[in-house]
Amino acid sequence: MLYTKMLIPTLRETPSEAESISHKLLLRAGYVRQLASGLYIYLPLAWRVLGRINEIIRQEMNEIGAQEISMPVLHPADVWMKTGRWYEIKDEMFRLKDRSERDMCLAMTHEEIMTWLASGEIRSYRDLPQVWYQIQTKLRDEARPKSGILRTREFIMKDSYSFDKDNEGLEKNYKLHEEAYHRIYKRCGLRFFQVDSDPGMMGGATAHEFMAPSPAGEDDMVICDSCGYAANLELAVSTPPALKRIAMEYEDVSTPAMKTVAEVASFLGLGKEYFLKSLLLIADRGPVLAMVRGDHELHEAKCKKIIGEFRPATKDEVIGILGVEAGFIGPMDHDVSIIADDTLKEGIYVSGANKSDYHKKGVIPGKHFKPEWRDLHSAKEGESCPHCSAPLRIEKVIEIGNIFKLGTKYSEPLNAVFLNKEGEEKPVVMGSYGIGPARIAAAAIEQNHDQDGIIWPETIAPFDIEIIPLNPKDDKCATVSLEIYNKLIESGKEVLYDDRDERPGVKFKDADLIGIPCQVVIGMKGLKEGVVEIKKRKNKSTIKVKIEDAVEEILKVSHY
RNA sequence: CGGGGCGUAGCGCAGUCUGGUUAGCGCACCUGCCUUGGGAGCAGGGGGCCGGAGGUUCAAAUCCUCUCGCCCCGACCA
C-alpha cells in the first residue's frame, strides 16, 4: 500500500481532549477521529488492526465449533419485555419507536435475540449443543464515555452463546471458551489475567472476566502471585494481618466533638485498626448498620449484594433512628439490624457509644452485639490471600472480555425448550461470552508503546513492514525500494510504502508513531555501501543487510 | 446524575479579569526557490459567524442571562 494513497492523518501535537495513552496515540497517529462523546470513526489503519484482531477471534471461535451468524442491531421491545430487561435496564438502553409506534431498542447485547432464535429452531436434544457467535455492533448509552475507545457508546463486540441440554454441556462449552479466550489474548500479544467476577444483571451463578493490566484501566483486580488467586476487587476476599491484642476495659470514654475515626484514634493514641466504623444505611428493607474496621473501607458492591439497593442515611435520619449524631453511633443498645465484616470476629475495639461526645472502649463483637457476619471490606494491597496467605497485589486493569454461565435465565422466559431422550420438555442451558476487539487494540497500545509512539504486537499491526525510501526521487533509491516492496508483497506480507516527498526526519517520526513492527530504511548512505537497514520498532535495533539479501533477511525478522 | 475544567483557523494556544484599530502566534496547508539520515530554511499566500441564542452598551471574543458541546473526578456500567 502506498502511503500517499492512504488516509493517515498524523498530528504533531496531541489534541487536548485526550488523556489516556491509547487515546492520545490513536489520535496522533491517525487511527481514529471522534464524532461525538463515545462515538469514534475508525480510519484505515485502525480498521486494519481491528480486522486482524477479528480474524484471530474468528479462527479461535471456529476452532471450538462456534458458528458465525449476524443478528439485527434494531430490536423489537417485546422480546426484551419477556425477560424483564426492558424494565430493569434504565437509561443505558437506547429506545425508539418505529413508524407504527411500536417500541424498539438498539442492541446492548444479544441474549434475548439469540434465545429467541433458539426457541424457534431447537426442538430436540439431538439439535444440541449449539454455539453461535457474531462480531457486531452494540449500543449502550453510557453515563460517562471515557478514555477514547476504551469506553464508548457504540462498539463492536464478539459475542457468542452456547446452548446445551444440561449443566455438563454448559461446563464443557464454558471451558472451551475459556481456553479459546486465553489463546486469543495471547496471540494478540497482551498480558492478561482471568479473574472471578460478579455476574451482575447478566444473571447466572458463575462469571469470569479477562483483564489486561494497565494504568488506564477502570477496574481493580486483586492478584496473588503465589497461588494465582485473582479476582475483581468487587468480590475479592482478603485477610488483614492479625491485630496485636490490646487489653481494654468495657467502659465509656469522653471524646468531646470527636467524630471521625482518625480524630478519636489520635486522641486515644491507638491505631485506626482498633476502631469499629459504623455506617447507617437505608436499604429497601429498612435501616441497616454496616460495620467495618476503622482502617477499612466498606465495599458498596459487596454490601449491595447482601442488602440490595441502599443509600447512606442522612444526618437527620441518623439522629431519628439511633438518637445520636453520626460521629458517635455504635452497634450497642438498639435493635437496628447489623451486618459486620468478617474481619471483626477477632479482637477488642473502640466504637461510638451511642451517646453524644462518648465512645465505648473494650467492645467485643459477638459478645456486646450480635451481627450478621459477611465480607464487607475492600481488599487492600498487602493483605493476605484467602487461599495461601501470601500477600496480595492490586492492579488497575482493562476488562477485555467476560464469560457467563447463564443457566436458564433467558431460555425459560423466552420458552427456548427441547425434548430430552425421555420425551420431557426442558429449558436449554445457556452461556454467553463476550470480547471487545477495540479494547484489545487499546490495551495493546497501553501495554506496548514508548515516547515516540505505538509498538504494535506483530500479530495485530496494521502492516507487517514499512518501507522508508529516504530519497524517493533518486532512481537507484526508488528502484531498490520498489523491488523490495514488490517481492515482500509477493511473499504475502502486508507492506506500507512511504512514497511521500518528505524529509527523512518526518518519515522516521511518523513511522515510529504509527508503530509498524518492522521498518526498512533505504537511503543513499546505505546504497553507496550496497546495503539497506532493517529496524525493529520495538527496540530500534538496526541491522544492515546487502541489497540482494534484503528480502530474505526482512522475512526472517518479520516472521509473523 | 453530582463536582470541576474548557469551547477563538485542521492541531496546539494567546487575547477575556480591566469592552475600543482590520482578532493574533506556532505548527499544518497552498505557490516558488532551496534542502534531503530524526518533525529544515527563505519568500509569498489561503483559511475565523471568537460554540449558539438573547441582552447591556456609541462599541462585545471580552460584561450579563439562557443554551449546546467536549474533557476530567465521582455515581452508574447488562
Side-chain angles (χ1 to χ4, degrees), chain A residues 7 9-20 23-24 27-28 30 33-40 80 83-94 105-112 138-148 150-153 155 157 159 197-204 207 209 216 218-219 232 234 300-301 304 309-312 399 402 404 406 409-410 432 434 436 439 451-453 468-474 477 498 500-513 519 521-529 531-533 535 540 542 544:
Chain A
L7 179 63
T10 59
L11 301 170
R12 294 205 182 195
E13 282 173 289
T14 307
S16 57
E17 77 224 23
E19 192 80 10
S20 68
H23 192 196
K24 285 179 180 170
L27 284 169
R28 267 200 71 202
R33 288 295 182 260
Q34 183 179 33
L35 173 65
S37 181
L39 297 175
Y40 282 83
W80 286 81
T83 63
R85 286 163 114 192
W86 176 263
Y87 311 102
E88 285 166 30
I89 296 168
K90 307 236 156 57
D91 296 338
E92 232 78 31
M93 182 186 268
F94 284 108
C105 64
L106 300 180
M108 308 182 59
T109 175
H110 281 81
E111 279 77 15
E112 273 77 1
K138 303 279 184 276
L139 291 121
R140 296 178 187 174
D141 197 358
E142 291 286 351
R144 184 149 91 85
K146 57 180 291 200
S147 306
L150 275 175
R151 188 168 203 82
T152 55
R153 295 193 291 174
F155 58 98
M157 187 183 212
D159 47 325
S197 81
D198 181 357
M201 289 290 290
M202 268 301 208
E209 288 167 327
E218 301 180 81
D219 289 293
N232 192 310
E234 283 177 13
E300 296 190 6
K304 196 166 138 188
E309 289 289 345
F310 69 88
R311 59 175 175 81
E399 184 186 344
N402 49 37
F404 300 90
L406 299 175
K409 179 179 157 104
Y410 296 93
S432 82
R439 282 196 175 176
Q451 313 88 303
D452 295 319
I468 306 174
L470 297 183
N471 314 75
K473 283 180 181 164
D474 178 87
C477 181
D498 192 348
R500 292 177 302 168
D501 183 20
E502 286 286 357
R503 297 169 61 84
V506 173
K507 293 189 178 184
F508 289 138
K509 288 286 183 192
D510 277 339
D512 288 347
L513 186 57
Q519 302 173 4
V521 179
I522 298 148
M524 300 315 285
K525 216 156 87 181
L527 290 177
K528 275 177 200 152
E529 302 167 30
V531 301
V532 301
E533 291 155 41
K535 184 156 76 176
K540 305 246 178 107
T542 303
K544 293 183 181 177

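The figures here come from the full heavy-atom set of this structure, side chains too, leaving out hydrogens, waters and symmetry mates. Computed from a predicted structure; not experimentally measured. In what follows, every chain begins at residue 1, and chains take the letters A, B, ... in the order their sequences are listed.
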Watson-Crick or G-U counterpart of [N], or none if no pair lies under 3.5 Å:
| N | value |
| --- | --- |
| G26(B) | C11(B) |
| C6(B) | G69(B) |
| C1(B) | G74(B) |
| C33(B) | G41(B) |

Rounded to whole Å, please give me the gap between [atom1] in [X] and [atom2] in [N].
| X | N | atom1 | atom2 | result |
| --- | --- | --- | --- | --- |
| Arg144(A) | C1(B) | CZ | P | 15 Å |
| Lys540(A) | G37(B) | NZ | P | 18 Å |
| Leu27(A) | C11(B) | CG | P | 11 Å |
| Lys509(A) | A28(B) | NZ | C1' | 17 Å |
| Glu529(A) | G37(B) | CD | C1' | 12 Å |
| Arg153(A) | C70(B) | CZ | C1' | 11 Å |
| Glu19(A) | C6(B) | CD | C1' | 13 Å |
| His23(A) | C11(B) | NE2 | C1' | 14 Å |

On a plain distance test, is the side chain of [X] in donor-acceptor contact with the base of [N] below 3.5 Å?
| X | N | answer |
| --- | --- | --- |
| Arg12(A) | A28(B) | no |
| Glu13(A) | G26(B) | yes |
| Glu533(A) | G37(B) | yes |
| Arg28(A) | G10(B) | no |

Judged by each residue's nearest nucleotide on RNA chain B, which is more toward the 5′ side, Glu502(A) or Val506(A)?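 Comparing both residues, the 5'-ward one is Glu502(A).
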Residue closer to the 5' end of RNA chain B, Ser16(A) versus Lys90(A) (nearest nucleotide): Ser16(A)
What's the separation between atom CZ in Arg153(A) and atom CG in Leu106(A), rounded to the nearest 0.5 Å? 11.5 Å
Distance, [atom1] atom - from [M] to [N], rounded to whole angstrom:
| N | M | atom1 | result |
| --- | --- | --- | --- |
| C49(B) | G44(B) | P | 26 Å |
| U56(B) | A60(B) | C1' | 10 Å |
| A53(B) | A61(B) | C1' | 16 Å |
| G20(B) | U16(B) | C1' | 14 Å |
| C63(B) | G15(B) | P | 12 Å |
| C71(B) | G26(B) | C1' | 24 Å |
| A28(B) | G10(B) | C1' | 7 Å |
| A43(B) | C58(B) | C1' | 43 Å |

Which nucleotide in [options] has an atom nearest any side-chain atom of [X]:
| X | options | value |
| --- | --- | --- |
| Ala143(A) | A75(B), G39(B), C72(B) | A75(B) |
| Phe508(A) | G38(B), G39(B), C70(B) | G38(B) |
| Arg503(A) | U35(B), G39(B), G37(B) | U35(B) |

Just do the side chain to side chain donor-acceptor pair (under 3.5 Å) check on Gln519(A) and Asp512(A) with the steps written out, would you? CA-CA 9 Å; Gln519(A) 302 173 4; Asp512(A) 288 347; 2.9 Å; yes
Using a heavy-atom cut-off of under 4.0 Å over every strand shown, decide if [X] touches base, sugar-phosphate, or nothing.
| X | result |
| --- | --- |
| Glu218(A) | nothing |
| Ser147(A) | sugar-phosphate |
| Asp510(A) | base |
| Ala36(A) | sugar-phosphate |
| Glu234(A) | nothing |
| Lys507(A) | nothing |

Compute whether any side-chain donor of one residue and acceptor of the other, for Asp510(A) and Thr10(A), lie under 3.5 angstrom apart.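 Yes, because at least one side-chain N or O of Asp510(A) sits under 3.5 Å from a partner of the opposite role on Thr10(A).
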Have Thr83(A) and Glu112(A) got a donor and an acceptor in their side chains that come within less than 3.5 Å? yes
I'd like to know whether NZ of Lys544(A) has more than 12 heavy-atom contacts from other residues, nucleotides or ligands below 6.0 angstrom. no
Short side-chain N/O contact from Lys146(A) to OP1 or OP2 of C70(B), under 4.0 Å: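 No, outside the criterion.
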Shortest non-hydrogen contact from Arg500(A) to Val506(A)?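 Smallest heavy-atom distance, with atoms named: NH2-O, 4.3 Å.
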Please tell me whether Tyr410(A) and His110(A) form a close aromatic pair, meaning their ring centres lie under 6.0 Å apart.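 No.
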Can Glu111(A) and Arg85(A) be counted as an ion pair, charged N to O under 4.0 angstrom? yes
